[in-house]
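In each ligand, atom 1 is the first atom listed, and ligand 1 is the first ligand listed. Just so you know, these numbers come straight off a predicted model, no measurement behind them.
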Amino acid sequence: MGSATEATKDISENLLGHKKVTVVFVLGGPGSGKGTQCANIVEHYGFTHLSAGDLLRAEIKSGSENGTMIQNMIKEGKIVPSEVTIKLLQTAILESGNDKFLIDGFPRNEENRAAFERVTGIVPEFVLFFDCSEEEMERRLLGRNQGRVDDNIETIKKRFKVFVESSLPVVEHYESLGKVKRIDAAKPIPEVFEDIKVIFSSLASKVMKLVIISS
Ligand SMILES: Nc1ncnc2c1ncn2[C@@H]1O[C@H](COP(=O)(O)OP(=O)(O)O)[C@@H](O)[C@H]1O
Ligand SMILES: Nc1ccn([C@H]2C[C@H](O)[C@@H](COP(=O)(O)OP(=O)(O)O)O2)c(=O)n1
Ligand SMILES: [Mg+2]
């Protein structure tokens with residue numbers, strides 16, 4: 001009974017304007033496989049995938065006034081000011097028509113985390129954390145082949161430093177709240193997804209229970 005009450009609280013208090021949403025933050029180092037597995041989760045569990053990095057890259061392409069600043073920060077492995085990224089995420093959430101989101105690569109620092117919570121009132125259902133060694137992530141990034149300005153060894157080293165100094169403390173914050181579901185992301189892609197399925201299937205049954213209780 002206790003857990004059903006908690007589930008009701010978590011899900012119903014995630015408000016964005018008048019829209020109730022369920023959010024999972026997908027975090028992990030660069031190259032840990034977040035984008036790859038988000039595509040699998042979308043296909044099986046009906047979430048909308050919002051990659052902060054993809055939204056920022058689309059903003060550069062659109063020729064927006066912030067484009068040059070964003071491009072320079074990405075090339076340097078730095079984290080773009082929260083107000084820019086949060087605005088892109090908020091717009092994407094409101095325009096999606098969905099109520100379940102994987103927010104991939106966000107929040108990447110304490111400023112991202114606190115500002116998102118303050119502006120949107122959204123608290124994540126949980127954090128899916130991709131645990132992978134730097135050696136393996138570096139190998140994957142150098143082989144990613146998507147023409148990204150940050151997939152070069154110089155930027156990769158900077159991104160690893162930012163990840164350890166700024167992003168891991170965010171994971172630790174959610175760890176202290178008992179919200180982190182850690183995945184061994186060093187395994188092959190299908191095996192990582194098997195582990196993820198266990199987590200999302202239990203989320204689906206929790207939501208079903210919620211629907212039954214409240215109807
Ligand atoms: N489990 C895995 N094993 C080997 N390669 C992977 C795995 N997951 C992803 N990759 C590959 O590694 C690269 C980075 O994956 P990606 O999903 O873009 O990571 P992220 O979004 O965390 O940076 C891609 O080329 C992808 O095909
Ligand atoms: N919350 C975020 C997410 C990404 N960015 C910028 C800085 C990041 O190094 C780049 C690329 O992020 P992205 O999530 O696409 O990178 P990976 O998929 O982890 O390799 O975008 C940001 O400034 N703030
Ligand atoms: Mg990615």
**Q.** Nearest-neighbour protein heavy atom for atom 19 (O) of ligand 1, which is reported as residue plus atom name and distance
**A.** G33 N, 3.1 Å
(Q) Set out, in order, the CA-CA distance, both residues' side-chain angles and the distance that settles ring pair (Phe, Tyr, Trp, His ring centres under 6.0 Å) for F193 and H44, then state yes or no. (A) CA-CA 11 Å; F193 189 53; H44 287 74; 5.0 Å; yes
Q.
Determine whether a donor-acceptor pair (N or O, by modelled atom type, separation under 3.5 Å) exists between the side chain of R140 and the backbone of M137.
A. no
Q) Which ligand 2 atoms, with their elements, are less than 4.0 angstrom from a heavy-atom of K78? A) 7 (C), 23 (O)
Q.
Show me which atoms of ligand 2 lie under 4.0 Å from any heavy atom of N112.
A. 1 (N)
Q) Can you check whether E136 has an N/O within less than 3.5 Å of an N/O in ligand 1? A) no
Q) Going by distance only, is there an N or O of R148 that falls short of 3.5 Å from an N or O of ligand 2? A) yes
Q. Which atoms of ligand 2 are found less than 4.0 Å from any heavy atom of R57?
A. 11 (C), 15 (O)
Q) Quick one: does ligand 2 sit under 4.0 Å from the side chain of V80, the backbone, both or neither, non-hydrogen atoms only? A) both
Q.
Can you name the atoms of ligand 2, numbered from 1 with element, that are less than 4.0 Å from a heavy atom of P30?
A. 19 (O), 20 (O)
Q. What is the closest protein heavy atom to atom 18 (O) of ligand 1, and at what distance does it sit?
A. R144 NH1, 2.9 Å
Q. Among D151, I79, L56, whose heavy atom sits nearest atom 6 (C) of ligand 2?
A. L56
Q.
Treating K75 as the side-chain partner and D150 as the backbone partner, does any N or O pair qualify as donor plus acceptor under 3.5 Å?
A. no
Q: Check whether the ring centres of F106 and F116 lie less than 6.0 Å apart, and answer yes or no.
A: yes
Q: Report yes or no: do N40 and Q37 form a side-chain donor-acceptor pair below 3.5 Å?
A: yes
Q.
If you apply the rule side-chain contact (heavy atoms from CB on, under 4.5 Å), what do you find for F126 with V24, and how did you get there?
A. CA-CA 5 Å; F126 60 83; V24 174; 3.5 Å; yes
Q) What part of P188, side chain from CB on, backbone N/CA/C/O, both or neither, has a heavy atom under 4.0 Å from ligand 1? A) backbone
Q: Give the residue, atom name and distance (to 0.1 Å) of the protein heavy atom nearest atom 21 (O) of ligand 1.
A: G35 N, 3.0 Å
Q.
So, 4.0 Å and heavy atoms of G28: is ligand 1 close enough to count as a contact?
A. no
Q) Hey, which atoms in ligand 2 end up nearer than 4.0 Å to a heavy atom of G105? A) 1 (N), 2 (C), 3 (C)
Q: Specify side chain, backbone, both or neither for D104, according to which of its non-hydrogen atoms lie closer than 4.0 Å to ligand 2.
A: neither
Q) salt bridge (Lys or Arg N to Asp or Glu O under 4.0 Å) with K157: which of E134, E138, E76? A) E138
Q.
Taking the ring of F129 and the ring of Y174, is the distance between their centroids below 6.0 Å?
A. no
**Q.** Identity and distance of the protein heavy atom lying nearest atom 4 (C) of ligand 1
**A.** R140 NE, 3.6 Å
Q. Which of the atoms of ligand 1 are close to T36, meaning less than 4.0 Å from one of its heavy atoms?
A. 9 (C), 15 (O), 16 (P), 17 (O), 26 (C)
Q: Please report which non-hydrogen protein atom sits nearest to atom 8 (C) of ligand 2, along with the residue it belongs to and the distance in Å to one decimal place.
A: R159 NH2, 4.0 Å
(Q) Going by the closest heavy atom to atom 14 (O) of ligand 2, which one wins out of K34, R108, R140, R144? (A) R108
Q. Is there a donor-acceptor pair closer than 3.5 Å between any side-chain N or O of N98 and the backbone N or O of G46?
A. yes
**Q.** ligand 1 contact by G29, heavy-atom criterion under 4.0 angstrom
**A.** yes
Q.
Would K187 count as a contact residue for ligand 1, given that I'm defining contact as a non-hydrogen atom of the residue lying under 4.0 Å from a ligand atom?
A. yes
(Q) Heavy-atom pairs closer than 4.0 Å: do any link ligand 2 to the side chain of V162, the backbone, both, or neither? (A) neither
**Q.** Shortest protein heavy-atom distance from atom 8 (N) of ligand 1, along with the residue and atom involved
**A.** I189 CG1, 3.5 Å
(Q) With a 3.5 Å distance limit and no angle check, can you tell me whether E172 reaches the backbone of S167 through a side-chain donor-acceptor pair? (A) no
Q. Using a distance-only test with no angle check, is there a side-chain donor-acceptor pair under 3.5 angstrom linking S64 and E59?
A. yes
